[in-house]
Structures are given as structure tokens and as C-alpha cells.
Colleague: 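Submitted below is the structure of interest, expressed as C-alpha cells.
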Amino acid sequence: MIVKNITDSAINAVKSLYGAELPAEQFVIQPTREGIKGDFTLVVFPMTKVSHKAPAATAEEIGERVTNDVPEIESYSVINGFLNFTLKNSYWVDFLNENYENETFGGGEKNSGDKIVIEFSSPNTNKPLHLGHVRNNLIGMAVSNILSAAGNEVVKVNLVNDRGIHICKSMIAWLKWGNCETPESSSKKGDHLVGDYYVEFDKHFKEDVKLLENKGMTEDEAKEKAPLTNETRQMLVKWEAEDKDVRALWEMMNEWVYAGFDVTYKRLGVSFDKIYYESQTYLLGKKVVADALQKGLITKDPDNSVWIDLTNEGLDRKLLLRKDGTSVYITQDIGTALLRYNEFHPDKMIYVVGNEQIYHFDVLKLTLKRFGYDWADFIYHLSYGMVELTTGKMKSREGTVVDADELMDEMKSTAMDIIREQGKVEYGTREAEDLSEMVGLAALKYYILKVDPKKQMLFNPAESIDFNGNTGPFIQYTHARIRSLLARASAQTETNTLDNQFRLDGEDIVFNEVEQQLLRSLHDYPVMLEKAAKDYSPAQVANYAFELAKLYNRFYQDTPVLKETDERLRKMRLMLSLFVANNIKNSMKLLGINVPDKM
RNA sequence: GGUUCAGUAGCUCAGUUGGAUUAGAGCAACAGCCUUCUAAGCUGUGGGUCCCGCGUUCGAGUCGCGGCUGAAUCACCA
């Protein structure tokens with residue numbers, strides 16, 4: 001708000017001083033750099049073009065006008081062509097008074113923005129979730145929270161990939177080597193059980209291929225000729241023909257997997273507004289493709305396979321239906337996109353999917369456009385980088401993955417070790433149990449979300465996740481510290497208690513350096529949120545929360561609160577502390593991280 | 001080979017729509033701070049060819065072009 005006032009005033013000043021109207025983008029107001037007096041800074045270089053004066057002189061003239069014009073401004077100074085405005089203390093006192101106990105400070109107006117459908121998670125039902133899925137889920141959830149907090153209407157959807165050749169592999173392995181094993185009989189989580197059979201399939205498949213290769217076939221030939229290849233294909237055809245036995249087996253095994261996923265999702269704090277199943281949507285895709293074929297938008301090869309030619313768009317020819325008439329990945333995605341658009345008519349459809357599918361989404365958008373769906377432009381592929389291990393790549397088939405459930409267990413147990421060591425919360429109690437879960441998951445979530453989604457991450461299972469420094473637990477700790485301080489305060493005399501509606505009468509109060517920085521940082525929260533929403537960037541929120549926590553710890557270290565003898569200063573610092581605690585809590589909530597009151 | 005993305009301290013990463021003679025955090029290393037509101041904290045020291053070159057600009061880690069390195073992708077897998 002104040003930033004807008006200063007901007008408007010500066011625009012007017014330039015207009016009346018130099019008779020020129022510059023576009024608003026030229027007026028850059030930024031927080032004043034640390035170490036220089038001031039709260040906000042206008043960069044005046046762009047204005048020198050119309051003032052025909054040196055930057056310093058131009059800054060002086062504009063500074064004079066704006067300071068007279070905007071009542072909140074106390075003074076201005078000019079350094080190197082940067083015009084720094086200092087706001088009156090009363091502005092900051094008002095800011096503190098109005099917002100310190102507002103638990104939703106900085107959020108956008110509800111549903112004032114776009115309607116956004118965001119798809120994430122999208123698991124295959126043939127294996128349990130691993131670290132890569134964790135990144136997907138956390139990004140999806142955090143981006144949803146951020147967009148929603150910024151005032152958009154967000155619909156979270158999950159597209160479960162419950163059909164296809166990969167599922168058939170697990171099914172065949174279970175039939176051949178499963179001995180009717182069930183989650184109950186083996187006391188394994190259902191998704192892990194099914195995943196084990198996927199690995200089992202691959203093991204046998206590899207052996208078969210090797211045998212054939214020894215007989216003189218090339219690798220490709222061997223893969224094609226391996227009996228398991230044919231069996232899987234036949235099973236898929238049967239599945240599409242709705243063969244009763246195949247479908248029954250399929251449903252049973254999928255149920256096992258869903259039960260397992262539910263546990264993992266719940267623990268990760270992930271939820272959805274709507275779940276689609278590819279088994280229920282792929283037919284629509286086939287139909288759309290058939291229509292397009294009839295309209296002559298795409299072509300059929302002599303072997304009956306259907307293709308779209310995107311060479312004019314700089315891509316290749318792309319398969320839409322196999323020669324046996326079954327659908328491929330893109331066929332399904334065409335169907336689900338259409339279904340989703342018709343159901344919600346969103347302004348934007350976001351897909352949180354790994355960067356290995358960038359090409360796929362290019363194809364999807366172009367295909368939909370070709371078919372006449374202009375809303376394909378609303379599709380945004382939020383791609384994120386692979387998670388790599390120090391030990392090499394993760395491959396489900398080969399079992400070299402960091403399993404999501406195990407990872408969470410490990411984080412929790414590490415947290416528990418630290419809790420025991422510290423002895424602040426009694427070991428072995430329910431409280432310690434809950435705290436270790438909260439802290440362990442915070443470490444994991446923060447570790448993943450603080451990195452820009454675009455970047456690929458390196459994960460070292462042994463030593464990657466820390467509990468000190470720029471971490472989730474550090475921020476949680478700061479929150480707990482503040483809560484503890486506030487609890488102590490209200491347990492003391494009345495003069496330390498912040499009643500609801502308490503307002504500080506302190507026009508003349510003087511904020512010290514760190515207090516000013518805290519206020520500015522808090523003031524910046526709405527700006528940060530808006531930008532994070534615009535950029536779909538949980539990392540910006542994580543970074544913000546860290547900076548704020550760090551700042552508060554510095555404040556805490558050398559500024560007395562309860563021991564301050566001046567009652568007004570004491571209360572001001574309590575208010576500031578509460579404000580920071582609320583803000584940390586909100587920021588972390590956006591990342592799907594809970595913060596404890598005690599740790 | 002084509003396309004897309006990335007390259008910043010020993011390691012993991014920030015770095016705002018280009019902005020301040022000094023490019024920041026954390027980890028690791030070293031030196032301090034617990035009788036005092038929670039030491040999962042705070043303070044300090046060392047550590048840089050922002051991959052290279054050219055260009056645009058008053059100003060480039062940020063934008064453009066060319067190159068180098070790495071990753072992903074270009075499947076009748078999903």
C-alpha cells in the first residue's frame with residue numbers, strides 16, 4: 001500500500017517537474033539496502049532521461065515533492081542516485097498495532113484471483129512412492145497452498161495411473177510367483193507388496209532376455225521375443241476388453257496399493273479435492289482421437305496405428321494409438337485434460353510433473369490446439385528436476401530407490417535422537433512422539449522445498465538432511481522459542497500480558513536496528529507471497545521464513561524482552577514477537593510444515 | 001545431431017521486473033558466547049575467474065549472441 005502511494009506520488013512528481021509520463025514499470029521501489037538509512041528506495045536512473053539532470057539532482061527534486069506529498073514519509077536522502085525514503089515511526093507503530101495478532105496477515109482476498117486446477121502426485125499403482133514422488137507431492141501441495149493464500153481458487157487433483165502395461169507386469173509376476181501373498185498374509189504395506197512384484201518381474205525378464213541374447217539375438221530382439229513381453233501385452237489387451245478375471249485381479253491389487261498410498265499421503269500432509277483414474281478417462285481420449293481422425297486432422301498408417309504430425313511445429317511425428325488399437329500415455333492425457341477443462345472451466349491448468357516430460361507436454365498442448373481446443377494455452381507444465389542420489393540414479397525396477405515411508409521413518413528417528421539428547425521434552429512420552437514426527441517431517445519437507453523446483457537435486461541419504469542452520473527444525477525452533485517467551489510473559493504480571501485488542505500508544509517509540517529490520521521483513525510478507533504465487537515458487541517462501549527466523553534470533557540474542565524495564569518497550573517487543581511467530585507459522589503452513597509451541 | 005533446463009565458496013543452495021565500490025546463507029574448518037526470556041541459538045575469522053568470450057546498458061551473477069560442461073528428452077514405456 002505504502003509502496004503504491006510512493007510510486008504514484010513519484011509518477012506525479014515526474015509529470016509536474018519534467019512534463020513527462022513514464023510507464024509505471026520504470027518506477028522501481030525496493031526495500032532499502034541494509035546498512036543505509038531508509039525504508040524504501042526509488043531508483044532514479046530511469047528518470048534522468050526526462051529530467052535531463054544528474055541522478056543526484058533529479059533524486060533531490062523528486063524526493064522533495066514525494067516527501068511533502070506522502071504523509072507517512074519522515075524524510076529522504078540521496079546516495080549515488082538512489083532516493084531513500086524513511087517512514088515515520090508512527091507508520092510502523094500503526095503497522096504493528098493493526099497486524100500483530102492478525103493470524104491471516106498478508107493473504108490475498110479469498111477467491112479474488114484465478115480459478116486454477118493443479119494436478120500433482122499422479123502415482124503409478126505398480127510401486128510405492130519414492131523420493132522423487134515426495135518432491136512432486138511436496139511441490140504440488142506447497143504451490144497449491146501458496147496460490148490459495150494469494151487469493152486464487154485452487155482445485156487439487158490427482159490422476160492415478162492405474163492402467164497400462166506397467167501394472168500388468170506386477171500382476172503377471174504376482175500370478176506366477178506370488179503364491180497368493182496378500183498384505184495381510186505378509187504384513188507388508190500394500191503398495192510395497194505390489195512394488196516387490198514389479199521388481200520381481202523385471203528380474204525374470206532380464207534373465208530371459210539374457211538367455212535369448214546368449215542364443216545370438218540382439219538386445220532389442222530378445223526383449224521383443226521374451227515370453228514375458230508377449231504375456232504382458234496379452235494381458236493389457238484382455239484388460240481393455242474387460243476380461244473378468246484380469247479385471248478382478250487388477251482391482252484387488254490396486255486396492256492394496258491405494259490403502260498403502262493413503263498412509264503415505266496422510267503422513268506427508270497431502271490431500272486432493274478430486275481424484276481421477278486413468279482407467280475411467282482413457283476411453284474419452286480414444287474417442288477424441290477417433291473424431292480427429294475422421295476430421296482428417298491426423299493420419300492412420302497402413303498397420304492401423306494413428307499418428308499426429310508435428311514436424312511443422314518443430315517436433316516429430318507422435319503416436320496416438322497403437323496398431324492394436326490400445327491407447328498410449330498421450331491418449332489418456334488428452335482425455336483427462338478435456339474432462340478436467342469441461343468440469344471446471346479453469347483459467348489455468350497446472351501439471352506438476354518431472355522435467356523428463358517436457359517434450360510430452362509440448363506435444364500435448366500442440367495436439368489439443370490442433371484438435372481445436374484453444375484453452376490448451378492455459379496449460380502450464382510446472383516441471384521439476386530429478387532427485388539424484390550420490391549412489392546414482394533411482395530406478396524402481398532395480399530397487400535402487402529411497403523409499404518415501406522409510407525416509408520419513410528415518411527422519412523421525414533422527415529427530416527423536418536429538419530430542420532425547422536435549423532432554424527438553426520427556427523422552428518416551430506421547431509428546432516426544434508427536435514432536436519427533438513433526439520435526440522429522442519438517443526437516444525433510446524444508447530440505448526439498450527450499451530448492452528451486454527447476455533444479456535437479458543431489459540427495460545423499462547418509463548426510464543430506466540436517467537439523468541445524470538453514471533447515472525446517474531451525475525455523476520451528478525459533479517459533480517454539482517465541483511461544484515459550486509469550487507463555488512466560490502471560491504467566492507473569494498483567495503488565496506483560498497482551499490482551500486481545502491491545503494497542504500500543506507509542507508514536508514516539510524508538511525501534512532499534514533489528515526491530516526495524518523485523519518490521520520491514522514482516523511488512524514485506526504480502527509482496528513475497530504474491531511473487532511466490534506468480535512464480536510458483538515454494539523456495540521463495542522457505543527462504544523468507546528462514547531470513548525472518550534468523551533475524552528474530554539475532555533480536556532475541558541481544559534485545560531483552562521480559563527483562564526490559566520500560567513497559568512500553570516491553571509490550572512493543574512482545575507484540576513484535578507474536579507478530580513474528582504468527583508469520584513464521586503462516587509461512588511454514590504454506591510449505592505444509594507445522595510448527596510446535598515447544599521443542 | 002535437434003529441443004529444453006542447469007552451471008555462483010570445498011559441499012548444498014539463495015540472489016527480487018538488470019541496481020548501491022563490499023555477490024550472500026547454511027554445512028564443513030577455526031575462535032568466542034550458556035548462574036541471565038529455550039545453545040536445534042548467537043558473534044567472529046578464513047574461503048569466489050558468479051563456466052568462458054563478445055555484446056546491449058549510466059549499471060550485468062541477472063538480458064542477447066557464440067562456445068564449453070552436465071542433465072533430461074527426441075519410444076507401439078508411462
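A note on names: the letters A, B, ... follow the listed sequences, proteins ahead of strands, and every chain is numbered from 1. Predicted, not measured: the structure shown is a model, and the values here were computed from it.
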Colleague: What is the nucleic acid contact for Lys550(A), judged by heavy atoms within less than 4.0 Å: base, sugar-phosphate only, or nothing?
Modeller: sugar-phosphate
Colleague: What is the glycosidic conformation of rC58(B): syn, defined as within 90° of 0, or anti?
Modeller: anti
Colleague: Looking only at heavy atoms, which two atoms of Met588(A) and Tyr446(A) are closest? And how far apart?
Modeller: CE-CD1, 4.5 Å
Colleague: State which of rG19(B), rG26(B), rA20(B) makes the closest approach to the side chain of Val43(A).
Modeller: rG19(B)
Colleague: Looking at rA78(B), I'd like to know if its phosphate oxygens (OP1 or OP2) sit under 4.0 Å from a side-chain N or O belonging to Arg322(A).
Modeller: yes
Colleague: Describe the nucleic acid contact of Tyr359(A) in one word from base, sugar-phosphate, nothing, applying a heavy-atom distance below 4.0 Å.
Modeller: sugar-phosphate
Colleague: Contact class for Ile419(A) vs. all strands (heavy atom < 4.0 Å): base, sugar-phosphate, or nothing?
Modeller: base
Colleague: Which part of the nucleic acid, if any, lies within reach of Phe45(A) when heavy atoms closer than 4.0 Å are counted: base, sugar-phosphate only, or nothing?
Modeller: base
Colleague: When you check the phosphate oxygens OP1 and OP2 of rC37(B), does a side-chain N or O of Arg481(A) lie under 4.0 Å from one of them?
Modeller: no
Colleague: Given the P atoms of rG7(B) and rC34(B), what is the spacing between them in whole Å?
Modeller: 42 Å
Colleague: Quick one: are the ring centres of Tyr552(A) and Phe555(A) less than 6.0 Å apart?
Modeller: yes
Colleague: Categorize Val527(A) for me: base, sugar-phosphate, or nothing, with a 4.0 angstrom heavy-atom threshold over every strand shown.
Modeller: nothing
Colleague: If you find the nucleotide of RNA chain B closest to Pro453(A) and the one closest to Lys49(A), which residue's nucleotide is nearer the 5' end?
Modeller: Pro453(A)
Colleague: For rC50(B) and rG18(B), measure between their C1' atoms and round to the nearest Å.
Modeller: 15 Å
Colleague: Compare side-chain N and O positions of Gln422(A) against OP1 and OP2 of rA40(B) and report whether any pair is under 4.0 Å apart.
Modeller: yes
Colleague: Rounded to the nearest angstrom, tell me the gap between atom CD1 in Ile465(A) and atom P in rA40(B).
Modeller: 20 Å
Colleague: For the residue pair Thr125(A) and Asn254(A), confirm or rule out a side-chain donor-acceptor distance under 3.5 Å.
Modeller: yes
Colleague: Taking the minimum atom-to-atom distance to the side chain of Asn470(A), which one of rG26(B), rU43(B), rA78(B) wins?
Modeller: rG26(B)
Colleague: Under a plain distance cut-off of 3.5 Å, with no hydrogens placed, do Asp466(A) and Tyr447(A) share a side-chain donor-acceptor pair?
Modeller: no
Colleague: Using a 4.0 Å heavy-atom cut-off, does Leu485(A) contact any base of the nucleic acid, only the sugar-phosphate backbone, or nothing at all?
Modeller: base
Colleague: Under 4.0 Å between any heavy atoms, over every strand shown, what does Asn304(A) touch: base, sugar-phosphate, or nothing? Just pick one.
Modeller: nothing
Colleague: Regarding Lys454(A), tell me which of base, sugar-phosphate or nothing describes its non-hydrogen contacts under 4.0 Å with the strands shown.
Modeller: sugar-phosphate
Colleague: NA contact type, Gln476(A), heavy-atom cut-off 4.0 Å: base, sugar-phosphate, or nothing?
Modeller: nothing
Colleague: Kindly point out which of rA71(B), rA14(B), rA20(B) is positioned nearest to the side chain of Phe82(A)?
Modeller: rA20(B)
Colleague: At less than 3.5 Å, do the side-chain atoms of Thr471(A) and the base atoms of rA40(B) form a donor-acceptor pair?
Modeller: no
Colleague: Is the shortest side-chain N/O distance from Lys455(A) to OP1 or OP2 of rC13(B) below 4.0 Å?
Modeller: no
Colleague: Mind checking the NZ-CG spacing from Lys323(A) to Asn304(A)? Nearest 0.5 Å is all I need.
Modeller: 10.5 Å
Colleague: Between Tyr282(A) and Arg163(A), is there a cation-pi geometry (under 6.0 Å to ring centre, at most 45° from the normal)?
Modeller: yes
Colleague: Would you say Arg488(A) places a side-chain N or O within less than 4.0 Å of OP1 or OP2 belonging to rC37(B)?
Modeller: no
Colleague: Which value, in whole Å, describes the distance between the C1' atoms of nucleotides rU8(B) and rA23(B)?
Modeller: 8 Å
Colleague: Quick one: which of rG19(B), rA78(B), rA14(B) gets closest to the side chain of His166(A)?
Modeller: rA78(B)
Colleague: Once you apply a heavy-atom cut-off of 4.0 Å, does Leu321(A) come out as touching a base, just sugar-phosphate, or nothing?
Modeller: nothing
Colleague: Between rG41(B) and Tyr477(A), is there a base-stacking contact, meaning the centre of the base's six-membered ring lies under 5.5 Å from the residue's ring centre while the planes stay under 30° apart?
Modeller: no
Colleague: With nearest nucleotide decided by heavy atoms, which residue, Glu25(A) or Phe546(A), maps closer to the 5′ end of RNA chain B?
Modeller: Glu25(A)
Colleague: Which part of the nucleic acid, if any, lies within reach of Asp535(A) when heavy atoms closer than 4.0 Å are counted: base, sugar-phosphate only, or nothing?
Modeller: nothing
Colleague: Provide the Watson-Crick or G-U wobble partner of rA6(B), both distances under 3.5 Å; none if there is no partner.
Modeller: rU69(B)
Colleague: Verify whether one side chain among Asp333(A) and His360(A) offers a donor that lies under 3.5 Å from an acceptor in the other.
Modeller: yes
Colleague: Side-chain N or O of Arg483(A) less than 4.0 angstrom from OP1 or OP2 on rU38(B)?
Modeller: no
Colleague: Tyr556(A) near the nucleic acid: base, sugar-phosphate alone, or nothing, with a heavy-atom cut-off under 4.0 Å?
Modeller: base
Colleague: Checking all strands, does Asn84(A) fall into the base, sugar-phosphate, or nothing category for heavy-atom contacts under 4.0 angstrom?
Modeller: base
Colleague: Can you find a donor-acceptor pair, distance only, under 3.5 Å between Lys424(A) side chain and rU38(B) base?
Modeller: yes
Colleague: Just checking Met457(A): base, sugar-phosphate only, or nothing, at a heavy-atom cut-off of under 4.0 Å?
Modeller: sugar-phosphate
